[in-house]
There are 2 protein chains.
Amino acid sequence: MARAEHPSGRAATLSDVARIAGVSLATASKAINGRDQVAPATRRRVIEAAEQISFTPNELARSLIAGRTGTVGLLTNDLEGRFVIPILMGAEDAFGAGQVNVFLCDARGDAIREQHQLKALLNRRVDGIIVVGRQTDPRPSLGHDLPVPVVYAYAPSDDPTDVSVTPDNVAGGRMALEHLLACGRRRIAHISGDPAYAAAQDRAVGVREALADAGLELVGDVMFADWSEHWGRDASAMLLAQHPDIDGIVCASDQIARGVLDTLRDLGRRVPEDVAVIGYDNWEILATNSRPELTSIDANLQQLGRAAARRVFEAIDGIEGDAGTHALPVRLVIRGSTIPRR
Amino acid sequence: MARAEHPSGRAATLSDVARIAGVSLATASKAINGRDQVAPATRRRVIEAAEQISFTPNELARSLIAGRTGTVGLLTNDLEGRFVIPILMGAEDAFGAGQVNVFLCDARGDAIREQHQLKALLNRRVDGIIVVGRQTDPRPSLGHDLPVPVVYAYAPSDDPTDVSVTPDNVAGGRMALEHLLACGRRRIAHISGDPAYAAAQDRAVGVREALADAGLELVGDVMFADWSEHWGRDASAMLLAQHPDIDGIVCASDQIARGVLDTLRDLGRRVPEDVAVIGYDNWEILATNSRPELTSIDANLQQLGRAAARRVFEAIDGIEGDAGTHALPVRLVIRGSTIPRR
DNA sequence: GAAAGTTCCGAAATGCCTTTCGGCACGCTA
DNA sequence: TAGCGTGCCGAAAGGCATTTCGGAACTTTC
């Protein structure tokens, strides 16, 4: 096994360094941490000694004194899903490599397990917690009797006095529709996902609002079912049978949009010339491999993660964050399914 | 902000408990940790006191004494990719919720950053480290002068004296081909991905071996380019133009297979009746949404993660693991692209 | 040359918990 | 009643690093 016992048999400690350098613990500590009250020559001696035995300060002991650990817990229920990861990356990014470390816990959707994880995190004295949900539906709050700040990301807390950050799905729906309008489309339908998801409802609201603002109406009703390609194929087939004159489709996910593209192709409709299609999520692997490539709404999840991390930071530093759910802006990524490419 | 200062202003400590219960620190510790040498009545009193002020032992102090922290570092370069997550889940799973916690670090492919992360992990005195690569190509070893055991997952270490676990790509290629043979196919081609990837080469080896064992030869050469749907579409178009009589295609990824299915559909070939297609990775979102659904090879990544965790465990407990790269079995997932479904 | 002021270093306390070991009190045996 | 064993509790050390504060050694000033 890749394990090399140090010569001493244990990791080097500060007193080892002090002994070798011929100074006291206190002096060694000061020298290494760059505090003054240490003569340059002494400092050099200490640092050399430290390097010699490759001393690294025990972060545990440090944390014990400092009262903060420089760790943050990330509690999720949806590692499998693709939404958590970018958020996690954003958070890790914001925390800065090496400064703060993230404890990752996946509760697998089990409330008991979540409690366990939470307790473990608190025992480890994390400085803060980010809770990442699997959908944008509100989730139960962890409560307020926790000794550390908590920020909810993606899925907001159901308690309005908690701090939550979530993507702005209404704005996303609106943005998608406005793009189709800008592309000259007027007969637009909306194929959505599972109606039980707040995300589906919110995006539909945005779509409707934008249409109303333009003095238009949706062609047919919003079509709800699930988030799959299958549904995208079926829904669009039904849609075109009923409304052959349609010229734009807003899809509530890229998967749905992929299905829609398939059907349109089968039916001989050209995209985007005959029908423009826009997806949602900007899941690159899907969006950039379709024919044509898929215009989509990107929820800026990495930025969401950064925002969550920033708020945790502020709270740790004692800055009062404003409670409530903060909807973060999304962005449009234009590809060939709405605007023809050479 | 969701932060409730404890009445005392700080988290409860063991001495608080002891004071309230009217016993000494030592007794309080014993009572709470279920050690004997404590009278039942005393124990009860202590536990009540602890609950009253919601005391939770400071894991930091504990770790400091125990010499082990119950934490493991997971060092990766590929959070974006889809391979790390199942491995991570498997590892988390094996470690058991609440027993061991995982520090997640993403080095973003930057060696400097990786060094930083590594150092941070060591400072935090993790008990072990799992290194997860982005491809199955060997990666540089972290070296042997580390005070904790290291296990490499997915991407093996380039140092054969390290412990590595990786999926068995040769067996996977073989398995894919044998399945096509079992389906009665004899004129089989292989569309692979980026030839620079060990995974692509290994799978091709397996395919060739299995063909040779059956006394057959590959139709055409192995086609290498990249892992995309685009390539799958283009490659299969070329293939069918040259070898119209083909009846089976092994694809080195599900993405490629999706492209192949598209082309076959466009050309009016029925799958699986005319041509059977098998993918690789068993990426459900792709495999179960295609027409027909895609038979694929699953690398059992979650199990890989568990195996890595187990080996780290063993090493922590002082059990000598056998060094070298361990290829873990993969499995076949049969769907409609090779066997007709009603 | 003595008083005052700098520099630099070290002893000790601190944070929180576990564990060892000594000792007190009680009950039992001879 | 003396002696011994047993059960229960507490003082103190230990793990690692930081910080405060007192003091020794040296320099400056008059």
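Order of the sequence lines sets the chain letters (A, B, ...), proteins ahead of strands, with each chain counted from 1. Computation of the quantities below employed the complete heavy-atom set of this structure, encompassing side-chain atoms and omitting hydrogens, waters and symmetry-equivalent molecules.
Of the possible polar contacts, none joining the Y152(B) side chain to the T325(B) backbone as a donor-acceptor pair under 3.5 Å is found. A distance-only check finds a donor-acceptor pair linking the side chain of S164(B) to the backbone of S157(B) [under 3.5 Å]. Between the side chain of D110(B) and the backbone N or O of I112(B), at least one donor-acceptor pair lies under 3.5 Å. The closest donor-acceptor contact from the side chain of Q117(B) to the backbone of D106(B) lies under 3.5 Å.
Atom CG of N123(B) is separated from atom C1' of dC16(D) by 13 Å (rounded to the nearest Å). In this structure, the CZ atom of R68(A) is 16 Å from the C1' atom of dG15(C), given to the nearest Å. Rounded to whole angstrom, the span from the CG atom of L25(A) across to the P atom of dT18(D) amounts to 9 Å. Rounded to an integer number of Å, the gap from D16(A) CG to dG15(D) C1' is 13 Å. As a whole-Å value, the separation of I65(B) CD1 from dT18(C) C1' is 4 Å. Protein atom CZ of R124(A) is 15 Å distant from nucleotide atom C1' of dC17(C), rounded to whole Å. In this structure, L14(A) atom CG and dG14(D) atom P are separated by 18 Å, rounded to whole Å. A straight line from CG of L60(B) to P of dT18(C) spans 13 Å, rounded to a whole angstrom.
The phosphate of dT18(D) (OP1 or OP2) has a side-chain N or O of N33(A) nearer than 4.0 angstrom. In terms of phosphate contacts, S29(B) brings a side-chain nitrogen or oxygen within less than 4.0 Å of OP1 or OP2 of dT18(C). For dA11(C), neither phosphate oxygen OP1 nor OP2 lies less than 4.0 angstrom from any side-chain nitrogen or oxygen of S24(A). Using a 4.0 Å cut-off, some side-chain N or O of R62(A) falls inside it from OP1 or OP2 of dT18(D).
Over its full length, the helix from dG1(C)-dC30(D) to dA30(C)-dT1(D) turns its helical axis through 60°, comparing axes from the five pairs at each end and rounding to 10°.
By the 4.0 Å N-to-carboxylate-O rule, D162(A) lies too far from R139(A) to be salt-bridged with it. For R43(B) and D36(B), the salt-bridge test fails: no basic side-chain N is under 4.0 Å from an acidic carboxylate O.
The side chain of A26(B) approaches dA12(D) more closely than any other nucleotide in the set dA17(D), dC9(D), dA12(D). Candidate nucleotides dT19(C), dC16(C), dA17(D) were compared by shortest atom distance to the side chain of F55(A), and dA17(D) ranks first. Of all nucleotides listed (dC17(C), dA12(D), dC16(D)), dC16(D) comes nearest to the side chain of T13(A).
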Just do the side-chain contact (heavy atoms from CB on, under 4.5 Å) check on I47(B) and R44(B) with the steps written out, would you? CA-CA 5 Å; I47(B) 290 178; R44(B) 211 170 328 113; 5.9 Å; no
Between D159(B) and T161(B), is the side chain to side chain donor-acceptor pair (under 3.5 Å) condition met? List the steps. CA-CA 5 Å; D159(B) 181 338; T161(B) 62; 2.6 Å; yes
Take V151(A) and R310(A), measure what side-chain contact (heavy atoms from CB on, under 4.5 Å) needs, and give me the verdict at the end. CA-CA 10 Å; V151(A) 171; R310(A) 190 157 27 75; over 6 Å; no
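In this structure, OG1 on T69(B) lies 9.5 Å from CZ on R125(B), to the nearest 0.5 angstrom.
Using a 4.0 Å cut-off on heavy atoms, the residues of residues 35-49 of chain A that approach DNA chain C are Q37(A), V38(A), A39(A), T42(A), listed by number.
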